[in-house]
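Right, one structure below, let's go through it.
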Amino acid sequence: MIEVVPEGCLWDLGEPTIVDSDAQPDDVTSDVLIVGAGFTGLWTAFYLQELAPHLSITILEKHWVGFGASGRNGGWASALLHMSVQSLVTQHGAETTRSTFATMNAAVDEIVGHGRAWGIGDTISKGGWMQLAHGRSQFERLEEQNRTAEQLGITEVIGTLMGSDDARSKVSTRSCVGGLFNENCAALHPGTFVRTLGSEVRRRGAKIVEGVSVLAIEPGGVLTDRGPIRAPIVLRATEAFTASMTRMRRRIAPLYSMMVATEPLPRDVIDAIIHPSRPTFNDSRHMIVYGQRTPDDRIAFGGRGAPYHMGSRISPNFDHDQNVAAMLVSTLRDMFPVLSQHRFTHHWGGPLGAPRDWHCSVQFDPATGLGHAGGYVGDGVTTTNVSARALVDLVLGRDTPLSHLPWVGHRNRIWEPEPVRWVAINALTRLAGMADARENVSGRRARRIEWLLGRVLGH
Ligand SMILES: Cc1cc2nc3c(=O)[nH]c(=O)nc-3n(C[C@H](O)[C@H](O)[C@H](O)COP(=O)(O)OP(=O)(O)OC[C@H]3O[C@@H](n4cnc5c(N)ncnc54)[C@H](O)[C@@H]3O)c2cc1C
């Protein structure tokens, strides 16, 4: 019998406090309209305010600030990108890859710095990221990553390979045989962060209109469920939800990531398994998992494996999946057996945006005034900050290093029509699970599946 975990998002802060929801289209006259009040939309407004304070900005949000992935994620502000290091080097060269990761590393500090300045530093800890190896095959994969980085001359983007004792001094799992430690990651409370960012943006003069749905975007404005709103510049920051907009269904696939959280653990219990500096952790399995020690000493743990829904559908009903929750609970208890004596109190999830080529993108066309940023898959907490700054540079016509990032101007391939998309994505999810299940049986067979995963995912 599977253990049913109570549904509800750990990061939920109750009713939103930022509401301009009574605004009517006629009230809105702005130089810039931003669609979506997640990290991308809010950071874009924030940096526009900093660099071009004369511009008036309105953010249109269908639900409330942080409703999307930004308010529900694993809270890893890491320097990770979903594009693999190898594919970045192949497409853009080693030097660009190195400078891109330097930008990502600096962005982690930028985020932490702002959080501290806004008075929410106690919810943030830059304790790094521990990629654990559970078993020989996983360790070999880490060694391979390390070798590749050495060959490419970019070891600094990968981190430090550690043996079992050093890895366990950060995160002590039952079957850890080593790991890769990267110092460029902060654990944060996504709900607190996104709400605070929203308040900051509003305090500096932007209007955030919640509860308004944008139905279509065109040069010169948007059509909303309350009527048209005109503006010379319109920036889309709708990530996975883009698929629900007119003529956008094949642009991005909403993939669901799910999370569970334990009750607050006694200090001696949590200190014995996760260092007080709160390093985030995962391991090297194919089916992605990720965890953090929260500010109140819980473990919040997430992973993929939920089904993709035909037609790129998104629904509140998909935000929970007790089968995936059970898988997460048993994976985490397998890592930390002491958790069998503790309750799991929360289970939630949400859609993240996967472009067909797994490559994020920032674009702005000065001729139409239209732009967007997104496609971060599961690595958006820091990438939204970098992408928003790049988008702002494009809007303001500034030629900066950010405006030359590998994903600026990148055009994504569109997804295949249904039912091919449904078959392919769900088959991939199963393949990832199979590769992990067979890993301990046959390394060669696992490598064949891994090769296939790489081919189909195109990264
Ligand atoms: C469970 C989960 C765990 C994750 N964990 C991590 C992690 O630990 N680290 C990491 O780096 N990344 C993680 N991610 C990914 C990361 O959260 C996202 O990449 C990032 O938050 C995307 O931000 P965004 O602002 O682009 O999109 P979102 O936060 O999804 O915001 C989009 C907003 O647009 C609004 N919107 C959509 N359509 C419309 C419309 N038509 N009209 C008006 N408004 C609209 C939505 O309501 C939403 O508020 C995770 C994602 C999930 C789901």
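The figures here come from the full heavy-atom set of this structure, side chains too, leaving out hydrogens, waters and symmetry mates. Counting from 1, the numbers follow the sequence of the chain as shown. We count ligands from 1, going down the list as the structure has it; atoms in each ligand are counted the same way.
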Supply the atom-to-atom distance L405 CG to H92 NE2, rounded to the nearest 0.5 angstrom. 10.0 Å

Measure and list all N/O to N/O distances between ligand 1 and the protein that fall under 3.5 angstrom.
unit_1, atom_1, unit_2, atom_2, d
ligand 1, 5 (N), G74, N, 2.9
ligand 1, 8 (O), G74, N, 3.3
ligand 1, 8 (O), G75, N, 3.4
ligand 1, 8 (O), W76, N, 3.1
ligand 1, 9 (N), W76, O, 3.0
ligand 1, 11 (O), W76, O, 3.4
ligand 1, 11 (O), G380, N, 2.9
ligand 1, 11 (O), V381, N, 2.8
ligand 1, 12 (N), G378, O, 2.9
ligand 1, 12 (N), G380, N, 3.1
ligand 1, 17 (O), A69, O, 3.4
ligand 1, 17 (O), N73, ND2, 3.3
ligand 1, 21 (O), S70, N, 3.2
ligand 1, 21 (O), S70, OG, 3.0
ligand 1, 23 (O), S70, OG, 3.1
ligand 1, 25 (O), F39, N, 3.0
ligand 1, 25 (O), T40, N, 3.0
ligand 1, 25 (O), S70, OG, 3.4
ligand 1, 26 (O), T40, OG1, 2.7
ligand 1, 29 (O), A69, N, 3.3
ligand 1, 29 (O), S70, N, 2.8
ligand 1, 29 (O), S70, OG, 2.6
ligand 1, 30 (O), A69, N, 3.1
ligand 1, 41 (N), V214, O, 2.8
ligand 1, 42 (N), V214, N, 2.9
ligand 1, 44 (N), K62, N, 3.0
ligand 1, 47 (O), E61, OE2, 2.6
ligand 1, 49 (O), E61, OE1, 2.7
ligand 1, 49 (O), E61, OE2, 3.2

Specify whether W348 and H346 have parallel, tilted or perpendicular ring planes, treating 30° as the upper limit for parallel and 60° as the lower limit for perpendicular. perpendicular

For S284 and L132, the nearest pair of non-hydrogen atoms, with its separation, is OG-O, 3.1 Å

Side-chain (T58) to main-chain (S30) donor-acceptor, under 3.5 angstrom: no

Looking only at heavy atoms, which two atoms of S56 and D31 are closest? And how far apart? N-OD2, 2.8 Å

So among F39, W43, F193, which one has a ring-ring contact (aromatic ring centres under 6.0 Å, His included) with H114? W43

